[in-house]
Amino acid sequence: MTALRPEVAEFDSDDQPAVGVPASSQGEGSGLVQLHESIATLLASRGQWRQAYQHLRSAFDLVYADQDEEPQVPEQLRREVDRLRREHAEAREQSLRDSLTDSYNRRYLDERLVDMVAARGTAASSLAIALIDLDWFKQVNDTFGHVLGDRVLQQVVELLQEELPEGAFCARYGGEEFVLVLPDVEAATAVAVAEAARLRVERHSWSSLAAGLRVTVSVGLAYEPPAADTSTRPPVSPEQQLLRADSLLYTAKQSGRNAVAYRENGRVRLAGAASGRRGIAESRVAGY
């Protein structure tokens with residue numbers, strides 16, 4: 001398809017294409033075919049597939065206007081629309097991925113959390129958010145270099161994404177911080193998933209990347225039960241739940257790092273082997 005040129009067509013305020021320049025009598029049919037194809041390309045890039053197909057069909061009808069036989073189903077045009085749809089979907093997916101780790105990025109995280117929190121208000125679904133930070137990652141970069149540091153981040157994401165429940169995903173929050181989003185799970189399951197992820201990172205053979213390399217993570221896990229179980233208090237926004245997870249992450253760091261901190265019955269606890277540690281600082285976050 002040819003690209004849409006400003007002198008060929010314009011779009012009005014309703015995003016509907018309007019022809020701006022009359023075609024000459026010579027080659028008018030060919031010009032209209034190209035115009036319809038160009039408009040279809042632009043509409044498809046916007047995700048307006050129905051309108052794009054209509055313009056491709058118009059182009060097809062013009063091509064076969066002088067034939068006596070009824071044209072066959074325009075499979076070629078349908079394939080063209082499918083191709084444009086795939087390209088649009090691929091571009092959309094790439095815009096939601098972190099370029100280094102291939103995990104989802106902050107944009108995707110923000111969009112999904114808004115949808116998930118809204119769903120909690122209309123369905124019996126819970127939501128757990130685990131905020132994860134690599135321990136002493138600056139020392140990794142300073143000691144082994146940023147190239148190896150990037151490889152560490154990539155490997156950590158692979159480990160975090162293993163054995164996630166259905167519907168869960170990993171997103172890069174920023175720098176060396178990542179988020180595991182766990183919808184529709186019980187509180188105990190969320191703790192088990194976060195602790196298993198922490199343990200996989202700790203037990204990974206990091207020496208295969210560099211001799212003497214050791215990597216661990218600290219985790220703050222904020223859990224919100226189904227809305228029906230918390231009808232007496234206002235719903236928690238994504239920002240509030242992330243703030244709570246961040247506060248619990250701070251607790252995990254203060255307790256000695258390489259731990260998962262969460263709340264149970266209003267008290268801060270540590271999961272797994274770290275549960276025996278003393279001196280856990282209470283998180284002070286509004287709403288608890």
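Basis for what follows: all heavy atoms, side chains included, without hydrogens, waters or symmetry-related copies.
Around the CD atom of Glu162, the shell of radius 6.0 Å holds more than 12 heavy atoms that belong to other residues, nucleotides or ligands. The 12-atom threshold is exceeded at CH2 of Trp206, counting heavy atoms of other residues, nucleotides or ligands nearer than 6.0 Å. Within 6.0 Å of CD in Glu264 there are more than 12 heavy atoms belonging to other residues, nucleotides or ligands.
The residue from Leu182, Val181, Val185 that alone fulfils the side-chain contact (heavy atoms from CB on, under 4.5 Å) condition with Leu127 is Val181. Residue Glu202 is tested with Arg200, Arg198, His204 for a side-chain hydrogen bond (donor to acceptor under 3.5 Å, both in side chains); the sole match is Arg198. Phe178 pairs with exactly one of Val219, Val217, Val157 by the side-chain contact (heavy atoms from CB on, under 4.5 Å) rule, that one being Val157.
Ser95 contributes atom OG, which lies 4.0 Å from atom CZ of Arg107 (distance to the nearest 0.5 angstrom). The structure places CG of Leu180 at 3.5 Å from CD1 of Ile132, a figure rounded to the nearest 0.5 Å. To the nearest 0.5 Å, atom OH of residue Tyr173 and atom CG of residue Leu242 are 4.5 Å apart. To the nearest 0.5 angstrom, Asp98 atom CG is 12.0 Å from Leu109 atom CG. Here the straight-line distance linking atom CD of Gln34 with atom CD1 of Ile39 works out to 12.0 Å at 0.5 Å rounding. Rounded to the nearest 0.5 angstrom, Asn141 CG and Asp150 CG are separated by 7.5 Å.
Listed here is the closest heavy atom pair of Ser205 and Ser208: O-OG, 2.7 Å. Taking all atoms of both residues into account, the shortest heavy-atom contact from Gly256 to Arg277 is C-NH1, 3.6 Å. The heavy-atom pair separating Tyr223 from Ala190 by the smallest distance is CD1-CB, 4.4 Å. The two residues Cys170 and Gln161 have their closest heavy-atom pair at CB-CG, 3.7 Å. Closest of all the heavy-atom pairs between Ala171 and Asn105 is CB-O, 4.1 Å. Contact record, Ala259 with Ala274: CB-CB, 3.7 Å, taken as the closest heavy-atom pair.
In this structure, the side chain of Ser275 engages the main chain of Gly272 through a donor-acceptor pair within 3.5 Å. Under the 3.5 Å distance criterion, the side-chain polar atoms of Tyr262 are left unmatched by any main-chain donor or acceptor of Leu248. Within the 3.5 Å criterion, the main-chain N or O of Leu243 finds no donor-acceptor partner in the side chain of Ser247. With hydrogens and angles ignored, the 3.5 Å screen pairs no side-chain donor or acceptor of Gln241 with any backbone N or O of Val236.
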Begin from the C-alpha positions of Leu100 and Arg172 and carry the test side chain to side chain contact (heavy atoms under 4.5 Å, CB included) through to its verdict. CA-CA 10 Å; Leu100 175 64; Arg172 190 176 186 183; 3.7 Å; yes
Run the numbers on Ile129 and Leu113 for side chain to side chain contact (heavy atoms under 4.5 Å, CB included), then give the verdict.
CA-CA 10 Å; Ile129 295 178; Leu113 284 182; 3.7 Å; yes
Could you walk me through whether Asp133 and Lys253 satisfy the side chain to side chain contact (heavy atoms under 4.5 Å, CB included) test, starting with their C-alpha distance in whole Å, then the side-chain angles of each, then the deciding distance to 0.1 Å, before giving a yes or no? CA-CA 9 Å; Asp133 184 75; Lys253 293 282 190 182; 2.6 Å; yes
_Pair Leu96-Arg112, side chain to side chain contact (heavy atoms under 4.5 Å, CB included): steps then yes or no_ = CA-CA 11 Å; Leu96 300 176; Arg112 285 296 306 276; over 6 Å; no
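Leu131 and Trp136 end up in different hydrophobic clusters when Ile, Leu, Val, Met, Phe, Trp and Tyr side chains are linked at under 4.5 Å. Transitive grouping of hydrophobic side chains (ILVMFWY, heavy atoms separated by less than 4.5 Å) brings Leu148 and Leu134 into a common cluster. Two different hydrophobic clusters hold Val201 and Leu199 under the rule that ILVMFWY side chains link at heavy-atom gaps under 4.5 Å.
Counting heavy atoms from C-beta outward, Ser126 and Pro226 have side chains that approach closer than 4.5 Å. Put simply, the side chain of Thr189 reaches to within 4.5 Å of the side chain of Val193, judged on heavy atoms. Two residues are said to be in side-chain contact when any heavy atoms from C-beta on lie closer than 4.5 Å; Asn258 and Arg214 meet this criterion. Within the 4.5 Å cutoff, side-chain heavy atoms of Leu249 are placed close to those of Ser218. Contact annotation: the side chain of Val152 approaches that of Leu213 to within less than 4.5 Å [non-hydrogen atoms, C-beta and beyond].
The salt bridge (Lys or Arg N to Asp or Glu O under 4.0 Å) test applied to Arg257 returns no partner, not counting sequence neighbours.
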